[in-house]
Amino acid sequence: MSKGTLFDKVWDLHTVGTLPSGQTQLFIGLHLIHEVTSPQAFAMLQERGLKVMFPDRTIATVDHIVPTTNQARPFVDALAEEMMQALEKNCQDNHIRFFNIGSGNQGIVHVMAPEQGLTQPGMTIACGDSHTSTHGAFGAIAFGIGTSQVRDVLASQTLALSKLKVRKIEVNGTLPTGVYAKDVILHIIRQLGVTGGVGYAYEYAGTTFEQMSMEERMTICNMSIEGGARCGYVNPDLVTFDYLKGRPFAPQGSDWDEAVAWWTSLRSNTDAEYDDVVVFDATEIPPTVTWGITPGQGIAIDQTVPTPEELPEKERAIAAEAYQYMDLHPGQPIVGTKIDVCFIGSCTNGRLSDLQEAAKVAKGRHVAEGIKAFVVPGSEQVKQQAESEGLDRIFTAAGFEWREPGCSMCLAMNPDKLVGRQISASSSNRNFKGRQGSSSGRTLLMSPAMVAAAAVTGQVTDVRSLL
Amino acid sequence: MSQVTLIAGRGVPLVGNDIDTDRIIPARFLKSITFDGLGEHLFRDDRTQAQGQHPLDQPQYQGAEILVVNRNFGCGSSREHAPQALSRWGIRAIVGESFAEIFFGNCVALGLPCVMATPVEVQQLQEWLAANPQTSISVNLEAMQVQYENVTIPVQMSRDVQNMFIGGTWDACGQLMAQSHQIQQIATRLPYIRWSQTVAS
């Protein structure tokens with residue numbers, strides 16, 4: 001088992017005890033809730049006559065179901081409105097802070113919490129959403145959980161968990177121009193597989209991650225779950241501290257210095273022991289795009305859709321399913337694949353830097369004929385910052401729609417959906433069958449800059465040719 | 001709390017790797033504040049496309065209680081709606097090659113055991129179920145075996161989780177709350193709890 005890693009240290013600090021089953025009872029420092037996976041948990045609490053043990057440690061926002069066009073209440077969708085009202089009532093009844101629409105702080109839960117300074121190194125974090133792994137960018141241990149576990153955290157501020165192994169994923173070197181954090185994580189998942197991380201926490205180490213901004217690190221950690229890992233993290237450093245300083249919920253005054261000292265002490269030791277180590281060279285990572293129906297089915301932008309013979313035996317069945325569903329043929333170049341819809345946003349790539357990189361590509365160009373392209377900021381704060389930089393005007397001048405914050409077409413629990421067999425270039429995290437709101441709709445995952453490139457050319461394009 | 005030790009019933013084979021929770025229960029059916037009625041939407045899009053040929057729609061598998069799947073079943077979203085939908089359709093145990101972790105944990109919370117067998121043994125079981133849909137199979141969590149006809153295959157599950165099923169402690173909530181004193185102690189020791197009391201409120 002691993003020893004001396006940040007994961008081990010944070011795990012030990014939060015261990016309440018060992019349960020009769022042998023699992024660990026782990027204290028959860030920050031609990032994030034939203035409208036989709038919490039209402040049943042509150043109902044279960046009520047049925048059992050239980051109260052929220054630490055209402056101050058839970059923060060709520062609304063993201064999955066919110067429309068990104070007209071957000072006036074009541075929502076047009078009566079079911080969405082019902083979920084919204086349930087969240088409002090549950091927060092009010094249980095004295096939980098709620099960042100509602102129009103508060104200035106609402107947003108995708110994994111965008112909102114970091115920008116508020118709620119997410120901090122050394123914390124354990126849980127949320128009823130698998131992309132909670134995002135918060136590991138700060139050196140937190142963050143788990144996506146189900147609704148019964150949301151109930152457990154509300155009732156006891158703890159979870160019953162089995163300890164994970166730790167794999168160090170070391171990437172060294174400077175990324176080539178036109179290659180982004182999204183390409184790095186798609187490349188890692190492609191190499192290690194969608195089940196490669198099962199049973200592991202991923203520690204992202206090496207000079208490539210050290211050079212990355214917090215926003216880029218969040219993109220990396222966000223998709224740990226797509227590689228099968230329950231969580232992923234980066235050791236906290238000056239980049240982390242600079243990001244946090246002055247944020248509304250970050251420690252202040254003398255607490256700040258104490259915090260930095262504590263956070264620094266949690267870093268993995270230089271002689272830490274890992275259960276596994278893998279190493280990549282950043283200079284060899286290409287712009288990467290998925291062609292199939294799992295995030296592991298990715299290829300370099302200049303490659304062709306793999307033939308069954310090029311794939312390991314155990315990947316061939318899912319590849320056959322993907323060829324048919326995607327209507328892409330083995331041996332076909334991915335460049336030039338015609339696109340219908342372009343989506344920039346989501347908890348993976350809906351942050352300010354994502355919009356900045358996409359805007360660089362969109363600037364002075366125009367969305368190709370027949371393409372629907374839209375940009376959805378990850379939070380009210382991102383939207384406001386982007387507008388203050390004029391990004392909204394760059395996008396709208398180029399023919400993109402500029403929307404209100406939310407999860408949007410990443411999972412299409414709101415009016416943003418693919419229609420029929422439409423194919424999207426998407427900056428989101430999942431290309432599963434039916435994921436984007438049409439049971440036959442198709443998704444190609446790529447970086448926000450690559451989505452912008454697809455939007456202005458109408459087809460999958462190597463963004464490097466436009467930079 | 002009820003112990004889960006032996007599940008016997010008819011099986012239904014569901015062939016395919018990396019079947020994600022978006023497929024098990026598409027996102028549009030999550031628009032509800034309860035889990036009621038999810039069973040009827042289980043694999044809704046796959047079933048519509050299969051036009052009656054999906055195993056869950058084939059008459060010989062109606063009333064089946066043991067689902068037999070392949071690799072990485074339940075990957076993707078953390079939605080507990082997925083095991084809830086399976087459970088409400090009537091599934092009481094899942095045998096597969098491997099499971100995604102959050103899905104597995106969600107199943108534990110519902111008292112729905114997921115056990116793992118080798119790819120070859122899973123495939124043989126799936127083929128046997130296709131030929132013998134009316135015969136009962138059993139999942140024994142004490143012996144960690146699945147039995148059908150005169151075949152016994154060993155299955156796996158972490159020891160911790162096995163203990164929770166056979167000891168009847170799979171609903172962790174009560175056990176977790178019982179430690180409230182220790183929980184408070186940990187909270188007092190964690191510096192960030194104190195820092196947060198001195199910032200914006």
Side-chain angles (χ1 to χ4, degrees), chain A residues 13-14 16-17 19-23 25 27 29 36-37 39-40 43 65 79-80 82-83 86 120 122-123 128-130 144-149 151-152 155-158 160 162 194-195 198 228 230 248-252 255 258-259 262 294 317-318 321 411-413 430 432-435 439, chain B residues 16-18 20 22-23 26-28 30-35 44-46 48-49 71-72 75-81 83 98 100-102 105-106 109-110 158-161 163-164 167 169 171-173 175-177 179-180 182-183 186-187 189-200:
Chain A
L13 282 166
H14 290 79
V16 175
L19 295 164
S21 66
Q23 285 195 306
Q25 180 171 7
F27 184 84
V36 181
T37 56
Q40 301 88 342
I65 52 104
L79 293 173
E82 188 187 8
M83 295 172 83
Q120 295 168 20
M123 279 183 170
D129 187 288
S130 59
I145 56 176
T147 295
S148 295
Q149 292 174 307
R151 171 206 63 199
D152 292 349
S156 73
Q157 204 60 32
T158 63
S162 301
V194 290
T195 61
V198 173
R230 191 75 189 270
F249 289 87
Q252 296 166 4
D255 287 347
E258 197 190 327
W262 190 65
T294 81
I318 189 83
E321 204 176 329
L411 89 168
M413 277 191 77
R430 290 187 173 138
F432 297 151
K433 288 179 173 180
R435 170 76 178 181
S439 60
Chain B
N17 293 332
D18 303 316
D20 58 77
D22 273 88
R23 281 172 71 185
R28 62 186 184 277
L30 313 187
K31 272 202 209 155
S32 168
I33 57 168
T34 73
F35 290 130
R44 172 54 57 208
D45 292 338
D46 283 11
T48 302
Q49 279 157 18
R71 192 184 69 209
N72 197 29
C75 58
S77 159
S78 66
R79 61 188 71 163
E80 188 170 304
H81 305 70
S98 65
E101 282 179 76
I102 301 178
N106 286 340
L110 303 190
S158 82
R159 177 55 70 97
D160 293 354
V161 177
N163 288 342
M164 292 162 81
T169 58
D171 181 342
C173 195
Q175 293 170 58
L176 296 175
M177 290 188 60
Q179 307 304 319
S180 62
Q182 290 91 324
I183 295 168
I186 292 282
R189 260 188 265 154
L190 289 166
Y192 61 78
I193 305 279
R194 183 166 41 80
W195 300 328
S196 68
Q197 284 160 0
T198 61
V199 297

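These numbers come from the heavy atoms of this one structure, side chains and all, not from hydrogens, waters or symmetry mates. On a predicted model such as this, the values are computed, not experimentally measured, just so you know. In what follows, chains carry the letters A, B, and so on, assigned in the order in which the sequence lines appear, proteins first and then strands, with residues in each chain numbered from 1.
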Looking at [options], which has the largest count of heavy-atom pairs under 4.5 Å with chain A?
options	answer
B/Gln182, B/Met164, B/Arg28	B/Met164
B/Gly105, B/Cys173, B/Cys75	B/Cys173
B/Arg189, B/His81, B/Arg79	B/His81
B/Arg159, B/Gln179, B/Gln175, B/Arg23	B/Arg23
B/Asp46, B/Thr48, B/Asp18, B/Leu110	B/Asp18

For a quick test of reading the model, state the closest non-hydrogen atom pair linking [X] to [Y] and the distance between them.
X	Y	result
A/Ser21	B/Asn163	O-ND2, 3.2 Å
A/Met83	B/Ser32	SD-N, 3.8 Å
A/Gly146	B/Ile102	N-CG2, 4.4 Å
B/Glu101	A/Gly228	OE2-O, 3.6 Å
A/Arg435	B/Ser77	NH1-CB, 4.4 Å
A/Ser439	B/Gln49	O-NE2, 3.1 Å

With only heavy atoms counted, which part of [X] is less than 4.5 Å from chain A, the side chain, the backbone, both or neither?
X	result
B/Thr34	backbone
B/Ala100	neither
B/Asn17	both
B/Ile186	side chain

Would you mind telling me which of [options] has the largest number of heavy-atom pairs within less than 4.5 Å of chain B?
options	result
A/Glu82, A/Gln149, A/Gln23	A/Gln23
A/Ile65, A/Thr147, A/Leu79	A/Thr147
A/Ala259, A/Gly434, A/Gly122	A/Ala259

Side-chain (A/Ser156) to main-chain (B/Met177) donor-acceptor, under 3.5 angstrom: no
Toward chain B, the part of [X] with a non-hydrogen atom under 4.5 Å:
X	value
A/Ile145	backbone
A/Arg430	side chain
A/Thr158	both
A/Glu258	both
A/Gln40	both
A/Ala160	both

B/Tyr192 and A/His14 aromatic ring geometry - parallel, tilted or perpendicular at 30°/60° bounds: parallel
Contacts of type side chain to side chain contact (heavy atoms under 4.5 Å, CB included), residue B/Ile193, not counting sequence neighbours: A/Phe27, A/Arg57, B/Leu190, B/Gln197
For B/Ser158, side chain to side chain contact (heavy atoms under 4.5 Å, CB included) partners two or more places apart: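 Applying side chain to side chain contact (heavy atoms under 4.5 Å, CB included) to B/Ser158 gives B/Asp160, B/Val161.
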Side-chain heavy-atom pair A/Thr37, B/Leu30 within 4.5 angstrom cut-off: no
Within-4.5 Å side-chain heavy-atom neighbours: A/Gln25 and B/Ile183: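 Yes, at least one pair of side-chain atoms sits under 4.5 Å.
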Test side-chain contact (heavy atoms from CB on, under 4.5 Å) applied to B/Arg194 and A/Asp255, step by step: CA-CA 9 Å; B/Arg194 183 166 41 80; A/Asp255 287 347; 4.2 Å; yes
salt_bridge(A/Arg151, B/Glu80) N-O dist < 4.0 Å: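 Judged by the 4.0 Å cut-off on N to carboxylate O distance, A/Arg151 and B/Glu80 do not form a salt bridge.
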CA sep, side-chain torsions, deciding dist, call: B/Asp22, A/Lys433, side-chain contact (heavy atoms from CB on, under 4.5 Å): CA-CA 8 Å; B/Asp22 273 88; A/Lys433 288 179 173 180; over 6 Å; no
